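Here's the structure, in structure tokens; my notes come after.
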Amino acid sequence: MTNSPQTAAASMRVVLLGNPNTGKTTLFNALTGHRARVGNYAGVTVEKREGPLRDAARAVTLVDLPGTYSLAAHSADEFVAVEVLLGLRRDTPRPDAVVVVADASNLERNLFLATQVLDLGLPTIVALNMIDVAEKDGLRIDAAGLSLALGVPVVPTNARDRKGVTELAVRIADADRLPVPTAPAVFPPEFVATREALATELAGLLPAGTACDAFAAGRVLLEVDGTFEERLVAAGGEPVRAAIGRARESLETAGHRLRALEARSRYQWIRTHVAPHVKRPAAGTRRASQETTERIDRVLTHRIWGSLIFLLLMGLVFQAIYTWSAPLMDGIEGVFALLGDWLGGMLPEGALQSLVVNGIVAGVGGVMVFLPQILVLFLFIALLEDVGYMARAAFLMDRLLSRFGLSGRSFIPMLSSFACAIPGIMATRTIENPRDRLATILIAPLMSCSARLPVYTLMIAAFVPEGTVAGFLSLQGLVLLGMYLVGIGVSAPVTWILKRTLLKSRTPNFLIELPPYRKPLLSNVFSRMVDRGREFLVRAGTIILAVAIVVWALSYYPRPAEVFERYESSVATANAPYLTGLASVGVAVDEAPGDAAGVEALADAHETVAVDFAAWAEELAALEFERDGELLRRSALGTMGRAIEPLVRPLGWDWRIGMAAIASFPAREVVIAVLGVIFDLGPETDEEDPRLKEKLQAAEWPDGRPLFNLPVALSLMVFFALCLQCAATIAIIKRETNSWRWPLFAFGYMTALAYIGAFLVYRVSSLLL
Amino acid sequence: MPTLDELQTGEAATVTALEGDDTYVQRLMELGLIEGVRVEFLRRAPMGDPLEIRIDNTFRLSLRREDARRIAVERAS
């Protein structure tokens, strides 16, 4: 694996690998000058960050791999890191060199991974990051001595103040000219011999094209049930499995416990070869970084104060998601409304105009409007992660979640899902156990996301009385809280059942590092927030757009001519008195106005004339909304609504509510606009529109009973609380689990729960109220 | 021989053995929780579980009581 001199000037790929919390990403940002391209590895939602090395004389692509403790990967993140390192991923070429980012203040543990990398036969550089923390703790590291011991360059750095970054960049630019390091002789002779023998034996058993060198054979032996074994058994079948089994057995017989062998051997080697180059303070000396962290932890993980601060923090995050982002959301809505109007004016009336305005602009706007909330959420998550608090949140919540068969690691994904299930599902990738990860993904959409809020707001404002309970609790506020609790409450038994049936596995182990507290680095926090925001837009935006167009078509076609004929004759009737009025003051109108806009044009031309143009325009606008309502009721969507009416009758709904629910399956937030059109108010209705509230209150069954009452409103809210009406979430579950099975399962179980929940709430509240 | 979960808050000890043969034990050892290493019991979470421990006066891990029970230790004198 030597690099020929002529390729040295060509482009090169260098990966950054290291334990979590080593400041690897900060170093990556410093080396690339924040010019990362962020994407995803194919088939998984593990973030792929690549960027060019700054100020380099040649093209060097740096790849920031997910944080990893060992080549024996446990989580999805770690699997990808190892696959990229070994060149096993088709979407990412094998790297030309590796930079191991090691935390200088935690050297022994970080060198465990470094010594594993030295076995790979790739040019390697070790960056001793956070060297300042180590020095403050009284550690004196002899970088030159360490470099000799490891056989690779060692560069002390402190990415936060760019110390050593230039030196590291110079080293990286020439990395492929470095000699390939010698694998440190960490293992006992029996292991080395067995490894060689296994490699030879497997070479005879494996089909041509599947390589198994001594390195791979070693990994196979060390990682019981690991990915190396899995890959080789898949290629060579039962004989390969048997050969591996025999080799392991011979080692176990010789007294080597395989699960312990690698850790014991490597730490032994590190202690002998590395310790002489690290001067530690006298035993019993307190370390500055540990002292600070301990003082903060005493408060933040305190039995009472810790829990209180945790609740306050979560309250603050929630409050911020909903209040800070409100003005921005209004702004975005406004911009899209203007854009729709502008495009609507530019295009001739017809199908194309409607597609652009009501399909595309409204669809994209419907996703964009959630961006401020997503950004606020990501801002907090990035900030709390950078400070070191997120691991404490998992520490505090683990006990509670373990009762349902999950672990503290599921907490962040669940919290994120209250803003939007998509970032929540994206956040599950740090959960090691695949079944827990899947269980968390499947319940994430049950958390009441912000898209459900408009439905709650409208229904509560229209049908829940304003009074108070116990003198000070607002009844409306309590119902809103209740809707949030419905999702949480249902998720508990769902998880419990899932973990005992489909995803049967014992309550997962919990093992998490509690990193030292650090001052947040705002550039890190900001770039993380922006990256994740962009990911949300791309993921959610594309699918929503496609679905918005389909729903638009269903609601636009067919367009019966008689509706238009009736509209025109109504307009003529409405116009008559006004035209007479105009004629009486001597104004002749060549062409009667066809709609409200036509009346406004007339008003502009005849400002001085004493005719009530405003009332006239309003009458025509009302007729137009009535026509559009009629078109929707007779559209394909309306037909579907009528077809399912028998199905939704038990929930207290008529076909119009059923139709609004169907239309909001792709994206629940559109229900408000759909209700607006169904009840003849036009599409630009929002949940605070008093007219919509009045229309809903006035809506009737054919026999004259009011359509909506409190039980119907509750039933509709519960349905929305429990149903997976979000095409973007379904798409992301598909992507995350790599199959259609789980998104369909989530959709199925949530729709069933929503139906049963809405039915029960309707029946019970009808009896009680 | 006491196990890690039996230590008092603030008490230090040396790891003497890890029980079990699964990936969890392997990961614990990869993180440096091996025979001979010094551990301190820092605290329990507010609900009594999990625990916070410090390894080699250098870094902190959190693990559950039932898993800590698999780690045999010798109290520091």
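Chain letters run A, B, ... following the sequence lines, proteins first and then strands; every chain starts at 1. As the structure is a computational prediction, the values presented were derived from the model and not from experiment.
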With distance as the sole test, does A/Tyr267 use its side chain to make a donor-acceptor pair with the main-chain N or O of A/Phe112 at under 3.5 Å? no
Contact leader toward chain A among B/Gln26, B/Glu52, B/Glu30, where contacts are heavy-atom pairs under 4.5 Å: B/Glu30
Rounded at 0.5 Å granularity, tell me how far CG in B/Leu18 sits from CD in B/Glu35. 6.0 Å
I'd like to know if the side chain of A/Asp137 reaches the main chain of A/Ser289, judged simply by a donor and an acceptor atom lying under 3.5 Å from each other, with no hydrogens or angles considered. yes
Relative to chain B, which segment of A/Arg298 carries a heavy atom at a distance below 4.5 Å: side chain, backbone, both, or neither? both
Is B/Leu31 close to chain A through its backbone or its side chain, or both, or neither, when contacts mean heavy atoms under 4.5 Å? both
Is it the case that the side chain of B/Asp49 and the backbone of B/Arg65 share a donor-acceptor pair, with hydrogens and angles ignored and the cut-off at 3.5 Å? yes
Checking A/Asn129 side chain against A/Asp103 main chain: does a donor-acceptor pair fall under 3.5 Å? no
Under a 4.5 Å heavy-atom cut-off, does chain A meet the side chain of B/Leu42, its backbone, both or neither? side chain
Looking at chain A, which one of B/Leu63, B/Val37, B/Ile55, B/Val25 has the largest number of heavy-atom pairs inside 4.5 Å, strictly under? B/Leu63
Please look at A/Phe395 and chain B and tell me whether the side chain, the backbone, both or neither of the residue comes under 4.5 angstrom of a heavy atom of that chain. both
Could you state the interatomic distance from OG1 (A/Thr292) to CZ (A/Arg286), rounded to the nearest 0.5 Å? 12.0 Å
Comparing A/Arg280, A/Met397, A/Glu223, A/Arg266 against chain B, the one with the most heavy-atom pairs below 4.5 Å turns out to be A/Arg280
A/Ser105, part contacting chain B, at a heavy-atom distance under 4.5 Å: backbone
Modelled atom types, side-chain donor and acceptor of A/Tyr517 and A/Arg392, under 3.5 Å: yes
If we ignore angles and hydrogens, is there a donor and acceptor under 3.5 Å between the side chains of B/Thr3 and B/Glu6? yes
Please classify the contact between A/Asn21 and chain B as side chain, backbone, both or neither, with a heavy-atom cut-off of under 4.5 Å. neither
Side chain, backbone, both or neither: which part of A/Leu400 has a heavy atom under 4.5 Å from chain B? both
When A/Arg303, A/Arg399, A/His74, A/Glu513 are compared by non-hydrogen pairs under 4.5 Å with chain B, the top option: A/His74
Counting heavy-atom pairs under 4.5 angstrom with chain A, the leader among B/Met47, B/Arg54, B/Arg43 is B/Arg43
Residue among A/Arg257, A/Glu108, A/His302, A/Arg109 with most heavy-atom pairs under 4.5 Å to chain B: A/Arg109
Check whether A/Thr293 gets within reach of chain B through its side chain, its backbone, both or neither, counting any heavy atom under 4.5 Å. both
Less than 4.5 Å to any heavy atom of chain B: does that hold for the side chain of A/Ala72, its backbone, both, or neither? both
Donor-acceptor pair, side chain of A/Arg264 and main chain of B/Met29, under 3.5 angstrom: no
Honestly, the part of B/Arg44 sitting under 4.5 Å from a heavy atom of chain A is backbone
Looking only at heavy atoms and a cut-off of under 4.5 Å, which of B/Ala45, B/Ser62, B/Pro46, B/Gly36 has the most pairs with chain A? B/Ser62
Would you say A/Gln116 and A/Glu262 are linked by a side-chain donor-acceptor pair, where the criterion is simply a distance under 3.5 Å? yes
Side chains of B/Thr58 and A/Arg287: is there a donor and an acceptor less than 3.5 Å apart? yes
